Amino acid sequence: MTIDIARLRRQLLAWYDQEGRTLPWRIRPEDRIAGGPVADPYAIWLSEIMLQQTTVPHATPYWHRFLSLWPTVQDLAVAPRDDVLREWAGLGYYARARNLHACAIEVATDHDGQFPDTLDGLRSLPGIGDYTANAILAAAFDKPASVVDGNVERVITRLHRVETAMPKAKPEVRKLAAAIADPDRSGDYAQAIMDLGATVCTPRKPDCSACCWSFACAASAVGDMERYPVKAPRKVKPVRRGTAWLVRRAGRIWLRKRGDAGLLGGMTEVPSSPWLETGHASEAPPLEAEWADRGEVRHVFTHFELRLAVREGEASPGWEPDSGYWADERDLGNEALPSVMRKVLAARRS
DNA sequence: CAGGCGTGGGC
DNA sequence: TGCCCAAGCCT
């Protein structure tokens, strides 16, 4: 069967003009100045990086904070990377922060501070993949684009009842989505279809009665919306265990900076034993001290669950760590502490 | 290219 | 409580 693409576009944009959300980084159609810039590409880019796998409520305060600290891409480019990581702490997926800084430097130095306005130009920058490049193209430059994020995947797979499981269905979904994307109101269309997925065509209990696309939706027609997108079964999450050592002395605490690559790369940590799925039974403390049990910190990462036994001890006057540094406990706000390490620190005696 | 890579909220 | 989910990217 064929789909009335013109009607889909018309009804989606009409719905968006009426019901679309106002988001801090977006300029609503009615607030735009004819001939003026559609939006600040830097602010749009910043929002898109923060929103990768992250909810709008979680990302929004970070977006405001970053813009106030670093109003332009040049400001961000010359900022110390540790400052960027510190401000990103709590947002997760810290490779995004490392790439964010690298991207700012590249735009500032190689592109004269101007974000590229082409798909290939954007895609070549660190941290910008297919989705983000299209999102910037649409939101910042109003150029023809097709954004395919999780929302769009859900809307499109339901519209067409795509039976192929994700992520194998991605090429098919991309093609179906591109056929509908409106090149004439690219920015509004991109925001509209994501809004539709976020507020109407939701993962559970979608509100088809309020959906401007229900007239054409194959899944809604048979009442089997929640079947889509089809996904492969999840794998079980292993448990890793270790011991974190809270070493204190005279109002200071022993901290370390993690290596750049991998989990929590570049972030601050409380020193700990390796995190292992098996064994580890008797991990030797890093120094001789009287160790107090501070319970267990549990933290769930994307691909494993961590259970850290927390022990606290006071270092003798002569002892110095062979790695890391002493941090004043009043200055922990200056540290790039991921959430799991905040939990560990919160377990210490106050 | 399947898997590594955070976090917090909803139910 | 445990599971699912959220505007993905990189290797």
Side-chain angles (χ1 to χ4, degrees), chain A residues 20-21 23-26 44-63 85 88-100 102-103 122-140 145-155 165-168 170-171 173-174 177 187 189-199 201-206 226 229 231-240 258 260-267 269 275 297-306 336-343:
Chain A
R21 293 180 296 175
L23 299 171
W25 41 87
R26 289 284 299 170
I44 293 294
W45 162 74
L46 187 59
S47 75
E48 291 299 343
I49 303 300
M50 288 182 169
L51 288 166
Q52 290 168 4
Q53 297 290 285
T54 305
T55 59
V56 168
H58 192 190
T60 299
Y62 287 81
W63 183 82
L85 293 181
W88 196 275
L91 253 194
Y93 285 138
Y94 297 100
R96 292 186 297 170
R98 303 194 296 273
N99 285 331
L100 184 88
C103 182
L122 288 164
R123 277 237 43 179
S124 72
L125 293 167
I128 299 184
D130 190 62
Y131 160 76
T132 304
N134 277 281
I136 295 172
L137 221 47
S146 176
V147 297
V148 182
D149 69 339
N151 290 307
V152 176
E153 282 177 357
R154 188 168 55 254
V155 170
M166 303 301 297
K168 186 179 283 186
K170 278 177 181 291
V173 171
R174 192 186 340 270
Y189 175 87
Q191 189 58 46
I193 190 169
M194 289 191 286
D195 268 12
L196 189 68
T199 65
C201 192
T202 48
R204 286 178 300 274
K205 301 190 185 309
E226 295 187 19
K231 290 184 178 174
R234 303 221 160 191
K235 296 184 174 172
V236 293
K237 203 166 281 198
V239 176
R240 297 185 192 173
R258 294 173 65 91
D260 242 25
L263 187 72
L264 309 177
M267 304 297 284
E269 69 172 357
W275 304 345
V297 162
R298 290 192 184 200
H299 193 79
V300 180
F301 292 98
T302 307
H303 55 297
F304 68 93
E305 175 187 338
L306 179 64
L337 289 166
S339 292
V340 61
M341 292 302 157
R342 290 177 191 273
K343 288 187 192 174

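Naming: A, B, ... by sequence-line order, numbering from 1 per chain. In this text the structure is predicted, and so the values were computed from the model without any measurement.
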J.: If I take atom CE from residue A:Met194 and atom CG from residue A:Leu23, how far apart are they, to the nearest 0.5 angstrom?
T.: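 It comes to 9.0 Å.
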J.: Given the structure, check if the side chain of A:Thr55 and the base of B:dG8 hold any donor-acceptor pair shorter than 3.5 Å.
T.: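 Result: no qualifying N/O pair found.
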J.: Could you check whether A:Glu153 gets within reach of a base, just the sugar-phosphate, or nothing at all, counting any heavy atom under 4.0 Å?
T.: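 Answer is nothing: A:Glu153 stays at 4.0 Å or more from every strand.
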J.: Quickly work out the A:Leu100 CG to C:dC9 P distance and round it to whole Å.
T.: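 These atoms are roughly 14 Å apart.
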J.: If we ignore angles and hydrogens, is there a donor and acceptor under 3.5 Å between the side chains of A:Arg154 and A:Thr202?
T.: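 The criterion, which ignores hydrogens and geometry beyond distance, is not satisfied for A:Thr202 and A:Arg154.
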J.: Select base, sugar-phosphate, or nothing to describe what A:Ile49 touches, counting heavy atoms under 4.0 Å on all strands.
T.: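 If one applies the 4.0 Å heavy-atom cut-off, A:Ile49 turns out to touch nothing in the nucleic acid.
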J.: Does A:Val300 or A:Lys235 map to a spot on DNA chain B nearer the 5' end, using the closest nucleotide for each?
T.: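 Its nearest nucleotide being more 5', the pick is A:Lys235.
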J.: Any base atoms under 4.0 Å from A:Pro57, or only sugar-phosphate, or nothing? Heavy atoms, all strands.
T.: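 Nothing, no heavy atom under 4.0 Å.
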J.: Base, sugar-phosphate, or nothing: which does A:Trp25 touch, judged by heavy atoms less than 4.0 Å apart?
T.: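 It contacts base atoms.
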J.: How are the rings of A:Trp275 and A:Phe301 set to each other: parallel, tilted or perpendicular (split at 30° and 60°)?
T.: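 Ring orientation, 0 to 90° scale: parallel.
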J.: Under the 3.5 Å rule, do the base of C:dG8 and the side chain of A:Thr54 count as making a donor-acceptor pair?
T.: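 For A:Thr54, whose side chain was compared with the base of C:dG8, there is no donor-acceptor pair (under 3.5 Å).
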J.: Rounded to the Å, how far apart are A:Arg258 CZ and B:dG4 C1'?
T.: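 Checked: the CZ to C1' distance equals 13 Å.
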J.: Rounded to the nearest angstrom, tell me the gap between atom CZ in A:Arg154 and atom P in C:dC5.
T.: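 Those two atoms, CZ and P, are 9 Å apart.
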J.: Closest-nucleotide mapping onto DNA chain C: is A:Gly127 or A:Glu48 further toward the 5' terminus? I mean the 5' end.
T.: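 The residue whose closest nucleotide sits nearer the 5' end is A:Glu48.
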J.: What does A:Gly90 touch in the nucleic acid at a heavy-atom separation under 4.0 angstrom: a base, only the sugar-phosphate, or nothing?
T.: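 It contacts sugar-phosphate atoms only.
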J.: Rounded to whole Å, please give me the gap between NZ in A:Lys237 and C1' in B:dC5.
T.: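 The answer, rounded to whole Å, is 11 Å.
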J.: Should A:Glu269 and A:Arg258 be marked as a salt bridge (charged side-chain N to carboxylate O under 4.0 Å, His left out) after you check the CA-CA gap, both sets of side-chain angles, and the distance that decides it?
T.: CA-CA 7 Å; A:Glu269 69 172 357; A:Arg258 294 173 65 91; 2.8 Å; yes
J.: Base, sugar-phosphate, or nothing for A:Pro338, non-hydrogen atoms under 4.0 angstrom?
T.: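 Sugar-phosphate, no base atom in range.
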J.: Between A:His58 and B:dT7, is there a side-chain N or O to OP1/OP2 distance below 4.0 Å?
T.: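 No, because none of the side-chain N or O atoms of A:His58 sits under 4.0 Å from OP1 or OP2 of B:dT7.
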J.: Rounding to a whole Å, what distance do you find between A:Lys343:NZ and B:dT7:P?
T.: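 These atoms are roughly 8 Å apart.
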J.: Using every non-hydrogen atom in the two residues, find where A:His299 and A:Ser339 come nearest and quote the distance to one decimal.
T.: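 In this case the closest contact between A:His299 and A:Ser339 is CE1-CB, 4.1 Å.
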J.: Mind checking the C1' distance from C:dA6 to B:dC5? Whole angstroms is fine.
T.: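 Pairwise C1' distance, C:dA6 against B:dC5, rounds to 15 Å.
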J.: Once you apply a heavy-atom cut-off of 4.0 Å, does A:Arg26 come out as touching a base, just sugar-phosphate, or nothing?
T.: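 If one applies the 4.0 Å heavy-atom cut-off, A:Arg26 turns out to touch nothing in the nucleic acid.
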J.: Does A:Gly197 reach a base, just sugar-phosphate, or nothing at all? Heavy atoms under 4.0 Å.
T.: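 Nothing, no heavy atom under 4.0 Å.
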J.: What is the distance, to the nearest angstrom, from the NE2 atom on A:His303 to the P atom on C:dC3?
T.: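 Those two atoms, NE2 and P, are 18 Å apart.
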J.: For the side chain of A:Gln53, starting at C-beta, report the closest nucleotide among C:dA6, B:dC5, C:dC4.
T.: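 Taking heavy atoms from C-beta onward, the closest nucleotide is C:dA6.
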J.: Compare side-chain N and O positions of A:Tyr94 against OP1 and OP2 of B:dT7 and report whether any pair is under 4.0 Å apart.
T.: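 For B:dT7, OP1 or OP2 has a side-chain N or O of A:Tyr94 closer than 4.0 Å.
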J.: Give the C-alpha distance, both sets of side-chain angles, the deciding distance and a yes or no for salt bridge (charged side-chain N to carboxylate O under 4.0 Å, His left out) between A:Glu153 and A:Lys170.
T.: CA-CA 8 Å; A:Glu153 282 177 357; A:Lys170 278 177 181 291; 2.6 Å; yes
J.: Please confirm whether the shortest side-chain N or O distance from A:Ser339 to OP1 or OP2 of B:dT7 is below 4.0 Å.
T.: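 For A:Ser339, the contact criterion (side-chain N or O under 4.0 Å from OP1 or OP2 of B:dT7) is met.
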J.: Given C:dG8, is OP1 or OP2 found less than 4.0 Å from the side-chain N or O atoms of A:Gln52?
T.: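 For A:Gln52, the contact criterion (side-chain N or O under 4.0 Å from OP1 or OP2 of C:dG8) is not met.
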J.: At 4.0 Å (heavy atoms only), tell me whether A:Leu306 reaches a base, stays on the sugar-phosphate, or touches nothing.
T.: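 Nothing: the residue A:Leu306, judged by heavy atoms under 4.0 Å, touches no strand.
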J.: Is A:Arg98 near enough to C:dC9 that one of its side-chain N or O atoms lies under 4.0 angstrom from OP1 or OP2?
T.: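 Checking A:Arg98 against C:dC9: no side-chain N or O falls below 4.0 Å of OP1 or OP2.
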J.: Is it true that the side chains of A:Gln52 and A:Tyr131 contain a donor and an acceptor less than 3.5 Å apart?
T.: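 Per modelled atom types, A:Gln52 and A:Tyr131 side chains form no pair under 3.5 Å.
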J.: Calculate the interatomic distance between A:Arg96 atom CZ and B:dG4 atom P; express it in whole Å.
T.: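 Going from A:Arg96 (CZ) to B:dG4 (P), I get 19 Å.
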J.: Starting at atom CZ of A:Arg21, determine the distance to atom C1' of C:dA6, rounded to an integer number of angstrom.
T.: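 After rounding, the gap between these two atoms is 11 Å.
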J.: Taking the P atom in each of B:dG8 and C:dC9, what is the distance between them to the nearest angstrom?
T.: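 Roughly 22 Å separates the two P atoms.
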J.: What is the nucleic acid contact for A:Thr132, judged by heavy atoms within less than 4.0 Å: base, sugar-phosphate only, or nothing?
T.: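 Sugar-phosphate contact only - A:Thr132 comes under 4.0 Å of backbone atoms but never of a base.
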J.: Given B:dT7, C:dC10, C:dC5, identify the nucleotide with an atom nearest to the side chain of A:Val340.
T.: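 Looking only at heavy atoms from C-beta outward on A:Val340, the closest nucleotide is B:dT7.
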